[in-house]
Amino acid sequence: MERYELYCLADRHFYETPANRGGEDPDFAIGSRPLPDGWEHDPGEVWMHYAPRGVDLPLQGWKIHVSSCLEDAERTLEAVWDYCVPRGVAFKFLRSTSVAIMMNSKAAFRGSSGKLVTIYPSDEDRLELVLKELAEILDGVQGPYILSDLRYGEGPLFVRYGAFAEQHCLSDTGERVLALANADGRLVPDVRGPVFSMPAWVSLPSFLEQHLAARNAVTTNDMAYDIENVIHFSNGGGVYLGHHRETDVRVVLKEGRPFAGLDEAGRDAVARMQHERDILGRLAGLDVVPEVHDYFVLGGHHFLVQEFIDSNPLQRLLVRRYPLTRPDPSPEALGDYAEWALGMLARVEAAVRALHERGVVFGDLHPDNILIDANNRLALIDFEVATLAEQRARSVLAHPGYLAPPGRRGVDVDLYALACLCLGLFAPQTTMLLQLHPGKVRHLGELITDTFPVPKATIDAAVRTIAGGNQDTELDAIPLPGRDSWQDVRAALTRAIVASATPERDDRLFPGDIAQFQPGGGVSLAYGAAGVLYALHRTGAGRFPEYDDWLRRHALDPVKGIGLYDGLHGVAHVLDELGYHQDALDVMDRCVADPLESCELGLHSGLAGIALNLLHFAGEPGLQTAAARVIDVVADRLGGPDDVPEISGEGHPRAGLMFGSSGAALLFLTAYEQFGDTGLLDLAATALQQDLRRCVSDPSGTLQVNQGWRTLPYLEEGSAGVALVLDRYLRHRPDDELAEALAGLRRVNHSRYFVQPGLFMGRAGLIASAAMQAGTPGHPDPVVSALIRGLDWHALPYRGGLAFPGNQLLRLSMDLATGTAGVLLALGTALHDQSVALPFLGPPTAAGRPTIPTSERKEV
């Protein structure tokens, strides 16, 4: 979630680049200096880049990172500027204080966190000189340790070997990743982890050897505790399970890294840990908090040693028990869960009261901070942001779904979080929507009491606590799916989309997921204008010439990928759908000129999607031959049914429609439908068997993609996407065993709750998958109708229209993959009187056209 939080700084409703936050959070003062003569400046959303014009830097090498605490940031930036500019050394720095806080927050990526400046020496001699001279200039500057790097001396300078310019290759899992050239010139993954390491072909410069020796001299041998394993890592430090070496008593050790893990108040992990130690001392003797055993400092890192409670977080217990994520939950299951949830709520309320009686406000109450042990003991953990009731403070580091409004202070912060917990136990994660529209709380209360046998008075009390004096009824006036007509709902969705449009901007037309801020993302099918216009057009919501013109103007902007959903092939496809055939061909000219060596296999960004779009344009000179070549590459890379692990992701190739083998199966099926070559059906069967190998059954009869630690039902990487392609395959070649698997994949559609509403990773994807398989436009069956009604959980008003939150639920989204346009398209697949589908997923056609000539299919 940490990257999403960075894009929540600038706008209350939508994900937005930090560069567009207006005057509320100005850039560092150094960024307003006049550009030096002969220099170029590229202001990015996070980094401000400066380089001498015409300097030819290597593609990779040793780079210097400068770390700094907030207090020293301005001094550090001025010193780096004054040093690098006269010497012609390229550099970049974080653009503002708020960006620096977010990039060094507790949730930030711990491997690269702590960097304020990056400097690019042209060679190793310049590296040594810059380090030596800057170390003297920056003497006394303090900052967090950059875990991915080697520290130079005791100051704020760190070094790492890596890429200077962006290059890509395929990883062992088949993903397109950042790359370095090895000793043979071949591109290999540029591994960036939380531990300093060097590529095997790179030698450490001799002047850095003493610094590596100093780093390796720091050990945990002097600790009184042995570490057994890691419970959790954050940028603020680790949480470890260990035991005392003499007594063997098991303990939990919380680590605090100096100057790292910043909160909104600018406090680092050490300050919060010392504060937690003091708060726990005040609460000593209460059974609902862990006991403090020790506190010590090692190598500058602080450690708080606490009682080990062998337990599960309430969040994990909730996920295991929650009945609405299982198919067709019975009234008895709903009643049993309600009884358990209300009992758990009462125990949490009692624990919080015990804190208040000691004059302490917890300030960070949410299900992951509530532990239940094997003996049913309940304990609250993580008191880093707790406050004294008499201070009437508010939390500075709370879970977004439990964060009280600014006016709630002191014990009211906890009472608000308790009310959110009451609703969250019955509608997980939906309290995050209250940050977008507080009036949603009344609607959530009604949905909960309509669904679960829970006392209305209990839910109403929680609603009143959250709402305060808010009597907002805006949502009541908005047409909702499953309650109002398709035409009225479509019009409401369209109003919200149109109201959000910003045709005056060049980076994006409609607000969506943070992926739209990647190069070309603002025009793409998944996250940009192409996808929104596609959904509006296919569902009959209307044509918007001004928006069409925006897409046409920006379709050939530089620096884009060529994938179907994240690049130029998707843009070309939509332009053709909208009737701009020549514009589409102009984009296709760019597509076919790009090399394919580093392309993934899948539908979203890779070869399967590229080949499908080449087939779409196969009537154009040379494009059928190009499609044949890519189909052969996909076939060669595919392998056999058992040539994939049984786990999706987590270091393995991913399964599913968008990034897995089902996308390749869709390609082979589409090619078979066009050319009638039964060998393509064989390849489709192999691809589908690969994805089914990575699915697992559960006791309720569902078959879902297995990620090892969770299972996924979704369109992007889950059962809904696999089912869509498998259904299409079985229409051409019936198979009893595969039909049984399809029934298990479809069983997920009978579940009643999904955490997100979006098309790729939420409820809308299941609606689209089920409706497209049914093939009865305008006449949804009872299963699809129930899925549609469930969109109520996430429905929100926006400027007189109906909108939905994007991934992570932190902001609204209008895009196809994650937001409102995707919901519109999904509803269209079920409710529109004409066929609606994602590209290449419409009704299958019968095979029988001539096979691609062998001479063309083998020209790889």
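Computed from heavy atoms alone, side chains included, the values below leave out hydrogens, waters and symmetry copies.
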Reported CG-to-CG distance for the pair Asp72 and Leu77, which is rounded to 0.5 angstrom: 10.5 Å

Given salt bridge (charged side-chain N to carboxylate O under 4.0 Å, His left out), test Glu40 with Arg53 step by step and report yes or no. CA-CA 6 Å; Glu40 296 177 340; Arg53 191 175 296 114; 3.8 Å; yes

If you measure from CH2 on Trp39 to SG on Cys84, what distance do you get to the nearest 0.5 Å? 6.5 Å

Please determine whether side chain to side chain contact (heavy atoms under 4.5 Å, CB included) holds for the pair Ile119 and Lys63, giving the CA-CA distance in whole Å, both sets of side-chain angles, and the decisive distance to 0.1 Å. CA-CA 6 Å; Ile119 300 172; Lys63 47 189 169 182; over 6 Å; no

Hey, which of His302, His232, Glu384 is the one that makes side chain to side chain contact (heavy atoms under 4.5 Å, CB included) with Lys254? Glu384

Short side-chain to backbone donor-acceptor contact, Arg272 and Gly261, under 3.5 Å: yes

Interatomic distance, CE@Met102 vs CG@Leu6, rounded to 0.5 Å, equals 6.0 Å

Of all heavy-atom pairs linking Pro34 and Trp81, the shortest is O-CZ2, 3.9 Å

Decide yes or no for Tyr15 and Gln808: does some side-chain heavy atom of the first lie under 4.5 Å from some side-chain heavy atom of the second? yes

I want to check something: taking the side chain as every heavy atom from C-beta on, are Met432 and Leu810 in contact at a cut-off of under 4.5 Å? yes

Between Glu255 and Gly238 (side chain of the first, backbone of the second, donor and acceptor by atom type, cut-off under 3.5 Å), is there such a pair? yes

Between Lys106 and the options Asp263, Asp382, Asp268, the salt bridge (Lys or Arg N to Asp or Glu O under 4.0 Å) test singles out Asp382

Donor-acceptor pair, side chain of Asn104 and main chain of Phe259, under 3.5 angstrom: yes

Smallest heavy-atom separation, Pro258 atom then Gly300 atom, equals CG-O, 2.9 Å

Can a side-chain donor-acceptor contact be found between Tyr4 and Asp513 if the only test is distance below 3.5 angstrom? yes

Can you check whether Met103's main-chain N or O pairs, donor with acceptor, with Ser113's side chain at less than 3.5 Å? yes

Hey, is the main chain of Asp11 close enough, under 3.5 Å, to the side chain of Arg811 for a donor-acceptor pair? yes

Indicate whether the side chain of Asp364 and that of His399 have a donor and an acceptor atom separated by less than 3.5 Å. no

Go through the steps for Phe91 and Val130 under the test side chain to side chain contact (heavy atoms under 4.5 Å, CB included), then give the verdict. CA-CA 12 Å; Phe91 63 99; Val130 173; over 6 Å; no

If you take all heavy atoms of Phe383 and His275, which pair is closest and at what distance? O-CD2, 3.9 Å

Side chains of Arg267 and Val385: closer than 4.5 Å at any heavy-atom pair? yes

Rounded to the nearest 0.5 Å, how far does CZ of Arg257 lie from CG of Leu147? 4.0 Å

Could you walk me through whether Glu16 and Arg505 satisfy the salt bridge (charged side-chain N to carboxylate O under 4.0 Å, His left out) test, starting with their C-alpha distance in whole Å, then the side-chain angles of each, then the deciding distance to 0.1 Å, before giving a yes or no? CA-CA 12 Å; Glu16 180 60 276; Arg505 290 177 59 158; 2.6 Å; yes

Nearest heavy-atom contact between Val117 and Val80 is CG1-CG1, 3.8 Å

Nearest 0.5 angstrom please: Ser68 OG to Glu74 CD, how far? 9.5 Å

Looking at residues at least two apart in the chain, or sitting in another chain, which of them share a side chain to side chain donor-acceptor pair (under 3.5 Å) with Arg87? none

What side-chain donor-acceptor pairs closer than 3.5 Å can you find for residues 178-187, not counting sequence neighbours?
unit_1	atom_1	unit_2	atom_2	d
Asn182	OD1	Asp184	N	2.9
Asn182	OD1	Gly185	N	3.1
Asn182	OD1	Arg186	N	2.9

I'd like to know if the side chain of Arg590 and the backbone of Leu568 have a donor-acceptor N/O pair within less than 3.5 Å. no

Tell me if the centroids of the rings in Tyr50 and His41 come within less than 6.0 Å of each other. yes

Give the intermediate values and the outcome of side chain to side chain contact (heavy atoms under 4.5 Å, CB included) for residues Tyr161 and Leu150. CA-CA 10 Å; Tyr161 189 93; Leu150 174 63; over 6 Å; no

Pair Glu276, Tyr295 - check side chain to side chain contact (heavy atoms under 4.5 Å, CB included), show working. CA-CA 11 Å; Glu276 180 173 16; Tyr295 190 97; over 6 Å; no

Between His366 and Asn369, do the side chains contain an N or O donor and an N or O acceptor separated by less than 3.5 Å? yes

Can you classify the ring geometry of Phe517 versus Tyr7 as parallel (below 30°), tilted (30 to 60°) or perpendicular (above 60°)? parallel

Are Thr502 and Glu504 linked by a side-chain donor-acceptor pair shorter than 3.5 Å? no

Less than 4.5 Å apart, any side-chain heavy atom of Lys132 and any of Phe207? no

Can you tell me how the ring of His604 sits relative to the ring of Tyr565, calling it parallel under 30°, perpendicular over 60° and tilted otherwise? parallel

How far does CD1 of Ile137 sit from OG1 of Thr76, to the nearest 0.5 angstrom? 11.5 Å

Go through the side-chain N and O atoms of Asp566 and Ser524 and say whether any donor and acceptor fall under 3.5 Å apart. no

Working for ring-ring contact (aromatic ring centres under 6.0 Å, His included), residues Phe158 and Phe196: CA-CA 10 Å; Phe158 296 79; Phe196 172 68; over 10 Å; no

Do Arg110's NZ or CZ and the ring of Phe233 fall within the cation-pi criteria of under 6.0 Å and 45°? yes

Give me the atom names and distance for the closest heavy-atom approach of Ala386 to Ile279. CB-CG2, 4.0 Å

Could you tell me whether the side chain of Glu71 reaches within less than 4.5 Å of the side chain of Gln142, counting heavy atoms only? no

Kindly indicate whether the side chain of Ser813, heavy atoms from C-beta on, has any atom under 4.5 Å from the side chain of Pro805. no

Arg277: what forms a side chain to side chain donor-acceptor pair (under 3.5 Å) with it, not counting sequence neighbours? none

Evaluate the side-chain proximity of Ser67 to Pro144: yes if any heavy-atom separation is below 4.5 Å, no if none is. yes

Any donor-acceptor N/O pair, Arg192 side chain to Ser148 backbone, under 3.5 Å: no

Answer whether the closest heavy-atom distance between the side chains of Val523 and Trp550 falls below 4.5 Å. yes

Which of parallel (below 30°), tilted (30 to 60°) and perpendicular (above 60°) describes Phe510 and Tyr547? perpendicular

For the residue pair Leu127 and Trp62, what are the closest heavy atoms and their distance? CD2-CB, 3.5 Å

Side chains of Asp27 and Ser96: any donor to acceptor distance under 3.5 Å? no

Verdict with supporting geometry, Asp149 and Arg151, salt bridge (charged side-chain N to carboxylate O under 4.0 Å, His left out): CA-CA 6 Å; Asp149 289 21; Arg151 189 175 193 175; over 6 Å; no

